[in-house]
Novice: 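Below: one structure in structure tokens.
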Number of protein chains: 2
Amino acid sequence: MAVPELFRALGDPIRLEMVQRLSDGAPCTIGAVSAGLGITRQGARKHLQVLADAKIVFLEAHGRDVLVQLDPSGLDRAKQYISDLQLRWDRRLEALQRYLEDG
Amino acid sequence: MAVPELFRALGDPIRLEMVQRLSDGAPCTIGAVSAGLGITRQGARKHLQVLADAKIVFLEAHGRDVLVQLDPSGLDRAKQYISDLQLRWDRRLEALQRYLEDG
DNA sequence: TTCATATGCAACCTCCTAGTTGCATTATAG
DNA sequence: CTATAATGCAACTAGGAGGTTGCATATGAA
């Protein structure tokens, strides 16, 4: 459910950069993920919330700071959705080909 | 390239519905893809343009009407990008595990 | 030719989103 | 205890995205 929200969350260069960082490095604090993006901490925080709402990331309070971690299931759902589309598309192509060959 | 644009194009319920229709049925005209979406033809046309700009769909003039066709390579790029992310994520997990085990 | 159909183009409106600033809060460090 | 560091919350602004209406254009059918 909420597939559009999922893709929408990925459809922003800054959020995608965040996901990149998270997939590369260790889980880190909000401050760390937000640094060096060219926007303020609050701006970055909003992006993180979008990612969290879309279940691409989850936030875990840890004393004074909040750890940001990638949620693999989010990415998986997105990929699965695309695969389903491609499957239908392929079936359609096959049906079309049969139609052309056999009459 | 322009991966964010790709996801962004998929991140809208109406555009996703269009892609669904195109993957299901035969390539059809702009009018056909645009019908029954709850918005005007011009509104739908703008969505189609977004999909076309993101290379998810291509438009082919055919006399009076314009055929809309799914571009499988667009979906493939999106899927590939996600797979790459997951690959890096998995590698990171492995490294972490080795670190925990071996010291 | 004439009429209807499928589309293009442009101006306009509204609202959400990205981004900011300022201040409050909570927890770690000395 | 005090100071600082990491974060939360709220109000505000600007710009773009989604959507509409109105009109122009070109192609196919009769």
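All values reported here derive from a predicted model rather than from experimental measurement. Sequence lines set the chain letters: A, B, ... in the order given, protein chains first and strands last, and positions in each chain run from 1.
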Novice: If the condition is side chain to side chain donor-acceptor pair (under 3.5 Å), which residues does B:Gln42 pass it with, not counting sequence neighbours?
Specialist: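 B:Gln42: no side chain to side chain donor-acceptor pair (under 3.5 Å) contacts found.
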Novice: Working to the nearest 0.5 Å, report the span between CG of B:Asp12 and CE of B:Met18.
Specialist: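 Going from CG on B:Asp12 over to CE on B:Met18, the span is 9.0 Å.
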Novice: Using a heavy-atom distance cut-off of less than 4.0 Å, which residues of residues 9-26 of chain A contact DNA chain D?
Specialist: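 Here the set is empty: none.
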Novice: At a heavy-atom distance below 4.0 Å, which nucleotide of DNA chain D is the first touched by chain A, and which is the last?
Specialist: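 Going 5' to 3' along DNA chain D, contacts run D:dA5 to D:dA11.
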Novice: If you assign each of A:Gln42 and B:Arg41 to its closest nucleotide in DNA chain C, which residue comes earlier from the 5' end?
Specialist: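 The 5'-side residue here is B:Arg41.
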Novice: When the C1' atoms of the five terminal pairs at each end define the local axes, what inter-axis angle does the helix from C:dT1-D:dA30 to C:dG30-D:dC1 show, to 10 degrees?
Specialist: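 The value is 30°.
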Novice: Which residues pass the side chain to side chain donor-acceptor pair (under 3.5 Å) test with B:Gln80, not counting sequence neighbours?
Specialist: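 If we apply the side chain to side chain donor-acceptor pair (under 3.5 Å) test to B:Gln80, skipping adjacent residues, the hits are B:Asp84.
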Novice: May I have the distance from A:Glu5 (atom CD) to C:dT17 (atom P), rounded to whole angstrom?
Specialist: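 Roughly 10 Å, once rounded to whole Å.
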Novice: Please report the distance, rounded to the nearest Å, between CD in B:Glu60 and C1' in C:dA6.
Specialist: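 Whole-Å distance recorded here is 16 Å.
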Novice: Round to the nearest Å and state the distance from A:Ile39 atom CD1 to C:dT20 atom P.
Specialist: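 Going from A:Ile39 (CD1) to C:dT20 (P), I get 6 Å.
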Novice: If you group Ile, Leu, Val, Met, Phe, Trp and Tyr by side-chain heavy-atom gaps below 4.5 Å, do B:Tyr81 and B:Leu10 land in one group?
Specialist: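 Yes, it is one cluster - the side chains of B:Tyr81 and B:Leu10 are joined through contacts under 4.5 Å.
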Novice: For A:Asp90, which residues count as a side chain to side chain donor-acceptor pair (under 3.5 Å) partner, sequence neighbours excluded?
Specialist: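 So A:Asp90 forms no side chain to side chain donor-acceptor pair (under 3.5 Å) with any residue.
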Novice: Give one of base, sugar-phosphate or nothing for A:Gly31, where a contact means two heavy atoms less than 4.0 Å apart.
Specialist: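 Sugar-phosphate, no base atom in range.
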Novice: Strictly below 4.0 Å, heavy-atom distances to any atom of DNA chain D: list the hits from residues 45-53 of chain A, or just say none.
Specialist: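 Within this stretch, A:Arg45, A:Lys46 sit under 4.0 Å of the strand.
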Novice: Give the table of side-chain donor-acceptor pairs shorter than 3.5 Å for residues 52-64 of chain B, with sequence neighbours excluded, one pair per line with atom names and distance.
Specialist:
unit_1  : atom_1 : unit_2  : atom_2 : d
B:Asp53 : OD1    : B:Gln49 : NE2    : 3.1

Novice: For B:Asp24, check salt bridge (charged side-chain N to carboxylate O under 4.0 Å, His left out) against everything at least two apart and list the hits.
Specialist: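 Scan of B:Asp24 (salt bridge (charged side-chain N to carboxylate O under 4.0 Å, His left out), adjacent residues dropped) gives A:Arg88.
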Novice: Give, for atom CG of A:Leu48 and atom OG of A:Ser34, the distance between the pair rounded to the nearest 0.5 Å.
Specialist: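 It is 5.0 Å, given to the nearest 0.5 Å.
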Novice: Tell me, please, which residues at least two apart from B:Arg21 pass salt bridge (charged side-chain N to carboxylate O under 4.0 Å, His left out).
Specialist: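 By the salt bridge (charged side-chain N to carboxylate O under 4.0 Å, His left out) rule, B:Arg21 matches B:Glu17.
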Novice: Check the interface with nucleotides 26-29 of chain C: list each N/O to N/O pair with the protein under 3.5 Å, or write none.
Specialist:
unit_1 : atom_1 : unit_2  : atom_2 : d
C:dT28 : OP1    : A:Arg64 : N      : 3.4

Novice: With sequence neighbours excluded, tell me which residues meet side chain to side chain contact (heavy atoms under 4.5 Å, CB included) with A:Ser73.
Specialist: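 Side chain to side chain contact (heavy atoms under 4.5 Å, CB included) list for A:Ser73, sorted by chain: A:Asp71.
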Novice: Identify the two heavy atoms, one from A:Leu6 and one from A:Gly74, that lie closest to each other, and give their separation to 0.1 Å.
Specialist: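 Scanning both residues completely, I find the closest heavy atoms to be CD2-O, 3.7 Å.
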